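One structure below.
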Number of protein chains: 2
Amino acid sequence: MEMHHETQLDKELRELKNKLIRMAAIAEAMIDQTITELVNRNEQYAPEVSKEEEELNRLQIDIDEQVVTMLATRQPVASDLRAILAATKINSELERIGDLAINITGNVHTLVQEPPLKPLIDIPRMADLARKMVNDSVKAFMTGDNDLARSVILADDEVDALKDQILRELLTYIMADPRATERALALILISRHLERIGDHATNIAEDVIYITQGRDVRHPKTPR
Amino acid sequence: MEMHHETQLDKELRELKNKLIRMAAIAEAMIDQTITELVNRNEQYAPEVSKEEEELNRLQIDIDEQVVTMLATRQPVASDLRAILAATKINSELERIGDLAINITGNVHTLVQEPPLKPLIDIPRMADLARKMVNDSVKAFMTGDNDLARSVILADDEVDALKDQILRELLTYIMADPRATERALALILISRHLERIGDHATNIAEDVIYITQGRDVRHPKTPR
């Protein structure tokens, strides 16, 4: 009976992790799709992206419900407990990454109505970096890879630097021609949304380090 | 012994909630101080705000550690369990509100170097609204007041509307005089930071409704 109980917790932990992997895959797809729309100057993925956001919302609630049930019925301790707690923080981060992808589609909608302002190089690069940060942060959680989590935190500096570079460049466009203001601002906002996606991946990486690594592990008073 | 055990959990829950109240008070103070600096055109609170951010970081980790310990040693169920889970989401939101206040101080630093662009009315109003949302969201958690949580979610629309209004107005300043670009952008960014503070308060309110209200409450298989 004790054996069976433990196996059941392992199975539920695997389910929980699979749901997070699915959330991360959806969030990454949304980033790719919105930036592809921006580069191709169309809104081909609009219906798909909107369905993906709903799916992220469902999965977030699903994970929270599973966490409550697992904590109440399995009473996990030590690393299992910390993994479950991290899951309930990470699902919120992934859901918000989806919200930011939706924000990007709003700016893309503005941009496709107007002639292109400039060739896009830094924003697609920033999007690739941010998407990789999301992937790596969740992978770090799955594998318990502390070094990978730390690399995500370091990558955030690169994303921030790109955001500043994009801002400086676009300000020169506005200064040169105030009619460029709306389009330049839409691109500035896209770079901010991507920066925030990087921030959420960084939050996940920090959760991996601070929660799952159990910096402050205390042994339960009531061993099972 | 069972009685004593329960009392200990209650005491720890009270401590946990007090730490969240303290985090909320600090986050609110940071909003007030940064916007006061903006209005007064100085950086009088800079050392204080930076200490407050550190205190928020400490409290966030402190709460997460307490949550792990409480779950492992007290094995709470039902509404206690949900309150503890909500606490570990809410502390992250409050910590990020502090980060956004720090972002505002960066924009204030830019603005105090230059002559004032315009009288500030909407931004202080937006800051008041955002600060009240933070207060109400945490109060809703403390008192389990679902209606108050819902009012926070509704207030977010007002904050978003102010943000759009501020953006439209400042764009006209840029169009009229490109030399206003940097200052206008700093004010636009402050309004975005305030909007995000409202988003975090909304996240807290949603956590109150979805987690602490136990929309999907399941009874534990192993009653204590």
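Please read these numbers as outputs of a predicted model, since none were measured by experiment. Scope of the values below: all heavy atoms of this structure, side chains included, with no hydrogens, waters or symmetry mates.
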Decide, yes or no, whether a salt bridge links B:R96 with A:D199 under the criterion of side-chain N to carboxylate O below 4.0 Å.
no

Point-to-point distance, once rounded to the nearest 0.5 Å, from CG of A:L81 to CD of B:Q75
9.5 Å

With a 4.5 angstrom heavy-atom cut-off, could you sort out which part of A:E206 is near chain B: side chain, backbone, both or neither?
neither

By a 4.5 Å heavy-atom criterion (distance strictly below it), what part of A:I84 contacts chain B: side chain, backbone, both, or neither?
neither

Determine whether more than 12 heavy atoms belonging to other residues, nucleotides or ligands lie under 6.0 Å from atom NZ of B:K118.
yes

Between A:L171, A:L185, A:V67, the one whose heavy-atom pairs under 4.5 Å with chain B are most numerous:
A:L185

Begin with the C-alpha distance, continue with both residues' side-chain angles, and end with the deciding distance and a verdict on side-chain contact (heavy atoms from CB on, under 4.5 Å) for B:K89 and A:N91.
CA-CA 11 Å; B:K89 293 219 184 209; A:N91 71 342; 3.0 Å; yes

Go through the atoms of A:D62 and report whether side chain, backbone, both or neither lie under 4.5 Å from a heavy atom of chain B.
neither

Could you tell me the separation between the CG atom of B:L167 and the CG atom of A:L189, rounded to the nearest 0.5 Å?
7.5 Å

In terms of heavy-atom proximity below 4.5 Å to chain B, should A:L85 be classed as side chain, backbone, both, or neither?
side chain

If you draw a 6.0 Å radius around CZ in B:R58, do more than 12 non-hydrogen atoms from other residues or ligands fall strictly inside?
yes

Among A:I188, A:T88, A:I174, which residue forms the greatest number of heavy-atom pairs with chain B at distances under 4.5 Å?
A:T88

Residues, nucleotides or ligands: over 12 heavy atoms within 6.0 Å of A:E182 CD
no

